[in-house]
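Atoms within each ligand, like the ligands themselves, are counted from 1 in listed order.
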Amino acid sequence: MIVVTGATGNIGRRLVDRLVEEGVPVRALTRDPARAGLPAQVEVVRADLTEDTDPAPLLAGADALFLNLAAGGGDSVERLIDAAVKAGVSRIVLNSSLAVTGTPADETNFIARSHALLERAVRDSGLEWTFLRGGNYATNALNWAPAIRESGVVRDPHPGARSVPVHEADLADVAALALLDRTGAHAGQVHRLTGPEVLTNAQQVAAIGEAVGRPTRIEQISEDEAAEAMAGPHFPLAAARQLVRLFGQSVDAPAFARTDTVERVTGHPARTFAQWAREHAGDFS
Ligand SMILES: NC(=O)c1ccc[n+]([C@@H]2O[C@H](COP(=O)([O-])OP(=O)(O)OC[C@H]3O[C@@H](n4cnc5c(N)ncnc54)[C@H](OP(=O)(O)O)[C@@H]3O)[C@@H](O)[C@H]2O)c1
């Protein structure tokens with residue numbers, strides 16, 4: 001049986017479907033089973049991973065665990081990993097990030113540091129592990145959905161910022177193979193996952209326009225304006241400014257180079273952003 005954290009999320013939902021197709025028993029964790037809308041075959045269990053409760057029952061009888069930082073970080077993840085060890089779980093597949101380099105540079109940025117800490121905790125558990133280090137997710141484009149629905153105009157400081165957006169279904173396909181690991185090929189592997197093509201923000205916005213059949217465009221705003229829009233009670237302005245500047249650096253070179261890992265591991269080509277946009281047209285209409 002496989003336990004999936006973040007089971008109602010972008011990757012989680014696709015992953016649960018893949019595992020059900022494989023005929024594998026799945027325990028899906030969510031804070032709200034009534035709203036989860038997961039397949040009937042799945043055991044849906046309530047879990048808020050930020051609560052200070054004993055996670056042992058969540059792992060009872062499990063063979064493998066899919067761990068997504070989006071479902072809670074810090075102490076809660078460490079408790080979950082400990083519980084996995086005690087429950088006799090064989091392997092953990094960790095949804096990490098391409099920001100992790102495995103060098104001291106990981107200490108210098110928040111995204112790398114939080115994922116690197118988790119990688120260390122999983123390695124230290126002594127269980128078999130696989131790390132999925134994904135680059136920029138195609139789903140980040142959903143942040144543009146309100147603007148595209150309202151006016152078709154996305155206000156962004158870096159229309160030329162470049163990335164290699166990866167489809168959540170490809171992340172889920174690789175996760176499913178690593179969780180099942182029928183060939184033993186995934187233990188101790190770091191999978192660096194990107195989409196198939198480098199695209200600017202402007203090209204992504206145009207692809208969404210094509211998918212929804214309406215004109216879309218980017219209107220360039222200043223970095224300060226973007227940082228102020230991004231900052232909030234849990235995200236200080238200084239951090240927002242740092243992040244916006246970081247995105248700006250990808251105008252000259254994408255933060256992460258394209259990899260062929262999706263195709264190598266799954267045997268099918270990585271899904272394109274155009275396909276992603278067509279599948280998500282409803283989110284932008
Ligand atoms: N975005 C990127 O470009 C990028 C790049 C590299 C790595 N990543 C990694 O990928 C993660 C995002 O993955 P994703 O897009 O699949 O996630 P997501 O769609 O944001 O889903 C996360 C799920 O976690 C659950 N959750 C949230 N808080 C929880 C809590 N306290 N306890 C239990 N469950 C909780 C939610 O389900 P319920 O509401 O049902 O509880 C939600 O559906 C990021 O956090 C990061 O670690 C992202």
Exercise. What do you reckon, does D32 have a nitrogen or oxygen under 3.5 Å from a nitrogen or oxygen of ligand 1?
Worked result: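 Between D32 and ligand 1, no N or O pair is found under 3.5 Å apart.
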For this session: Please confirm whether T30 comes within less than 3.5 Å of ligand 1 when only nitrogen or oxygen atoms on both sides are compared.
Result: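 Yes, at least one N or O pair falls under 3.5 Å.
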Which option wins on minimum heavy-atom distance to [atom]: [options]?
| atom | options | result |
| --- | --- | --- |
| atom 27 (C) of ligand 1 | S96, A70, P165, G12 | A70 |
| atom 28 (N) of ligand 1 | R31, R133, R35 | R31 |
| atom 32 (N) of ligand 1 | T8, L69, I111, L49 | L49 |

Yes or no: does [X] have any heavy atom under 4.0 Å from an atom of ligand 1?
| X | result |
| --- | --- |
| G72 | no |
| A36 | no |
| A7 | no |
| A99 | no |

Other residues, nucleotides, ligands: >12 heavy atoms within 6.0 Å of [X] [atom1]:
| X | atom1 | value |
| --- | --- | --- |
| Q242 | CD | no |
| D260 | CG | yes |
| R192 | CZ | no |

Problem set entry | Contacting atoms of ligand 1, where contact means under 4.0 angstrom from a heavy atom of T50 |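 Atoms satisfying the 4.0 Å criterion: 31 (N).
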Problem set entry | Side chain T216, main chain V205, donor-acceptor under 3.5 Å |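 Present.
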Looking at [atom], what's its closest protein heavy atom, distance included?
| atom | answer |
| --- | --- |
| atom 23 (C) of ligand 1 | G6 CA, 3.6 Å |
| atom 30 (C) of ligand 1 | A71 O, 3.2 Å |
| atom 14 (P) of ligand 1 | N68 ND2, 3.8 Å |

Exercise. Between D170, V166, T139, which is the residue that forms a side-chain contact (heavy atoms from CB on, under 4.5 Å) with W276?
Worked result: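 That would be T139; it is the only one of D170, V166, T139 passing the side-chain contact (heavy atoms from CB on, under 4.5 Å) with W276.
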Problem set entry | Heavy-atom side-chain proximity of R123 to W129 below 4.5 angstrom |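 Heavy-atom side-chain distance check passes, below 4.5 Å.
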Problem set entry | Rounded distance [0.5 Å steps], OG in S114 versus CG in L69 |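 These two atoms lie 5.5 Å from each other.
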Problem set entry | Worked check of salt bridge (charged side-chain N to carboxylate O under 4.0 Å, His left out) between D106 and R120 | CA-CA 12 Å; D106 291 346; R120 199 169 312 137; over 6 Å; no
Exercise. Hey, are D48 and T50 close enough side-chain-wise for a donor-acceptor pair under 3.5 Å?
Worked result: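 Their side chains do contain a donor-acceptor pair, which is all the 3.5 Å distance test asks for.
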